[in-house]
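These numbers come from a predicted model, not from an experiment.
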Amino acid sequence: MGDLRSRFLDVYSVLKSEILHDPAFDFTEDSRQWVERMLDHNVPRENENSWIGLLAGKLNRGLCVIDSYKLLKEEKELTDDEFFLACALGWCIEWLQAYFRVLDDITDNIPEDAVKRRGQPSWFKQPMVGMIAVNDGSILHNHITRILKKHFREKPYYVDLLDLFNEMEFQTASGKMTDLIASSTLIGEKDLSKSSTLRLHHLRIVQYYKTTYYSHYLSVACALLMSGENHINVKNILVEMGFYFQVQGVAAEYENENYGKLVKSIEAHPSKAVQAVLKSLLTKGHQ
């Protein structure tokens, strides 16, 4: 995993360099330095005392694309091009995560003394940033389509990738809206905190859309598209699996009942390679 992570971070450096030298925009030195600092802070999360690989975030979503694709290839050695493309899709997901987090911290109005993002203050709390972070979020979002266009435009699944990322953004933004509305109306109600059923209902609505789709479905869907497999027919399994991971500890009875259901759903899939991907993901989340 150490070597995989290192190679994955090497691809980040390549993608970042391409973005910082994108001929579509005439960067000034100040703007190029700003974007580089913004990227390192929000995508892999550069620590001020180390290079990006040492104290970066877990990067699980991005690495999952590579792991899933290798399983779909039935552990055959990936070519350099296949590995790079899998990493690029993985980084697109990490870029998406960064975009969401930059805007989330603003809409949540994270106070100065709150828990910090991966050990650092939120981007909009950084010196000289403030509400410029709103535009930075838009820049992060647009980087995704720039990466996809540069490296996947000639692939037969290019349009499907664009549609997939657009769908994930819509689902996540809608989930965030639901969470913000609920936070201002329902969460303060004492009755809600007393009822595990209501808590689960709220979690299902919010987490399905706010987190589950891009955290659990998107990585595997990207790998399936690359390998020519149909990602639609495993969508329900992956979304339910993501919700299952998130409610562990909230309701033990839900966990016990649904683990068995998930295993049966996975084993009903006709492709053994897809089964291997889904079982691998389920095992990691169940540990």
Margin query: Can a donor-acceptor pair be found, under 3.5 Å and without considering hydrogens, that links the side chain of T107 to the backbone of L103?
Written below: yes
Does W95 reach the main-chain N or O of G90 with its side chain, forming a donor-acceptor pair under 3.5 Å? no
Point to revise | Q275 side-chain N/O to H269 backbone N/O, donor-acceptor pair under 3.5 Å | key: yes
_Just so I know, are the side chains of W123 and I106 near enough to count as touching, which here means a heavy-atom distance under 4.5 Å?_
no
How about L85 and Y69: do any of their side-chain heavy atoms sit closer than 4.5 Å? no
CG/D26: more than 12 non-hydrogen atoms of other groups inside 6.0 Å
no
Quick one: do H21 and F27 satisfy side chain to side chain contact (heavy atoms under 4.5 Å, CB included)? Show the steps, please. CA-CA 8 Å; H21 298 88; F27 282 96; over 6 Å; no
Residues at least two apart in sequence or cross-chain that pass side-chain hydrogen bond (donor to acceptor under 3.5 Å, both in side chains) with S271, listed by chain then number, are none
d(F84 CZ, R7 CZ) to nearest 0.5 Å is 12.0 Å
Do the non-hydrogen side-chain atoms of V129 and M38 ever get within less than 4.5 Å of each other?
no
Kindly determine whether E74 and K272 satisfy salt bridge (Lys or Arg N to Asp or Glu O under 4.0 Å), including the steps that lead there.
CA-CA 9 Å; E74 298 180 338; K272 294 294 183 183; over 6 Å; no
Shortest non-hydrogen pair, T145 vs N142, comes out as OG1-O, 2.8 Å
Practice item. Please answer whether the main-chain N or O of V159 pairs with a side-chain N or O of D163 as donor and acceptor at a distance below 3.5 Å. Key: no
Do W91 and V43 come within less than 4.5 Å of each other through their side chains, counting heavy atoms only? yes
Scanning both residues in full, the closest heavy-atom pair of C92 with F165 reads CB-CZ, 3.6 Å
Exercise. Mind checking whether E94 and Y12 have side chains closer than 4.5 Å, heavy atoms only?
Worked result: no
With a 4.0 Å cut-off on N to O distance, would you call E18 and R146 a salt bridge? no
*asked:* Between S122 (side chain only) and D105 (backbone N and O only), is there a donor and an acceptor less than 3.5 Å apart?
replied: no
Residues passing the side-chain hydrogen bond (donor to acceptor under 3.5 Å, both in side chains) test with E154, sequence neighbours excluded, are none
In terms of heavy-atom contacts, V11 and A88 come closest through CG1-N, 4.2 Å
To the nearest 0.5 Å, atom OG1 of T28 lies from atom CD of Q33 at 8.5 Å
Hey, does the side chain of R32 reach the backbone of L20 with a donor-acceptor pair shorter than 3.5 angstrom? yes
* Is a donor on one side and an acceptor on the other found under 3.5 Å between the side chain of S17 and the backbone of V14? -> no
**Prompt:** Is the CG atom of D80 crowded by more than 12 outside heavy atoms at less than 6.0 Å?
**Reply:** no
Give the C-alpha distance, both sets of side-chain angles, the deciding distance and a yes or no for side chain to side chain contact (heavy atoms under 4.5 Å, CB included) between L71 and S280. CA-CA 9 Å; L71 286 169; S280 173; 3.8 Å; yes
Taken to the nearest 0.5 Å, the spacing of I144 CD1 from I139 CD1 works out to 13.0 Å
Q.
Please evaluate residues D22 and K150 with respect to the criterion salt bridge (Lys or Arg N to Asp or Glu O under 4.0 Å), reporting the C-alpha separation (whole Å), side-chain torsions for both, the decisive distance (0.1 Å), and the verdict.
A. CA-CA 10 Å; D22 191 328; K150 181 174 179 62; over 6 Å; no
Interatomic distance, CG@L89 vs CD1@I147, rounded to 0.5 Å, equals 9.5 Å
Between M226 and E82, the two heavy atoms sitting closest are CE-O, 3.9 Å
Next on the checklist: Would you say that I266 contacts V234 through its side chain, given a criterion of any heavy-atom pair below 4.5 Å between the two side chains?
Outcome noted: no
Margin query: Both conditions, 6.0 Å and 45 degrees, for the charged tip of R37 above the ring of W34: are they met here?
Written below: yes
message: Is it the case that over 12 heavy atoms from other parts of the model lie below 6.0 angstrom from the CZ atom of F25?
response: yes
Validation row, ring centre H143 to ring centre Y99 under 6.0 Å:
no
Output for pair (T172 OG1, Q97 CD), nearest 0.5 Å, gives 9.5 Å
* To do: Find out whether L224 and V277 are in side-chain contact, i.e. whether some heavy atom of one side chain is under 4.5 Å from a heavy atom of the other.
  => no
| query | Is there a chain of hydrophobic side chains (I, L, V, M, F, W, Y, each step under 4.5 Å between heavy atoms) that links F170 to L218? | reply | no
Closest non-hydrogen atoms of C222 and L161, given as atom of the first, atom of the second and distance, are SG-CD2, 4.3 Å
Show the numbers, then the answer: is there a side chain to side chain contact (heavy atoms under 4.5 Å, CB included) between L59 and L9?
CA-CA 10 Å; L59 305 177; L9 287 162; 4.0 Å; yes
d(D136 CG, L39 CG) to nearest 0.5 Å is 9.0 Å
In short, V220 meets C64 closest at the heavy-atom pair CG2-SG, 4.3 Å
query = Just by modelled atom types, is the A223 backbone N or O under 3.5 Å from a matching donor or acceptor in the S227 side chain?
reply = yes
Does the pair K16 and E36 meet the rule for a salt bridge (Lys or Arg N to Asp or Glu O under 4.0 Å), with working shown?
CA-CA 8 Å; K16 182 178 74 170; E36 181 170 21; 3.2 Å; yes
Item checked: Pair V134-M131, side chain to side chain contact (heavy atoms under 4.5 Å, CB included): steps then yes or no -> CA-CA 6 Å; V134 175; M131 288 301 102; 4.2 Å; yes
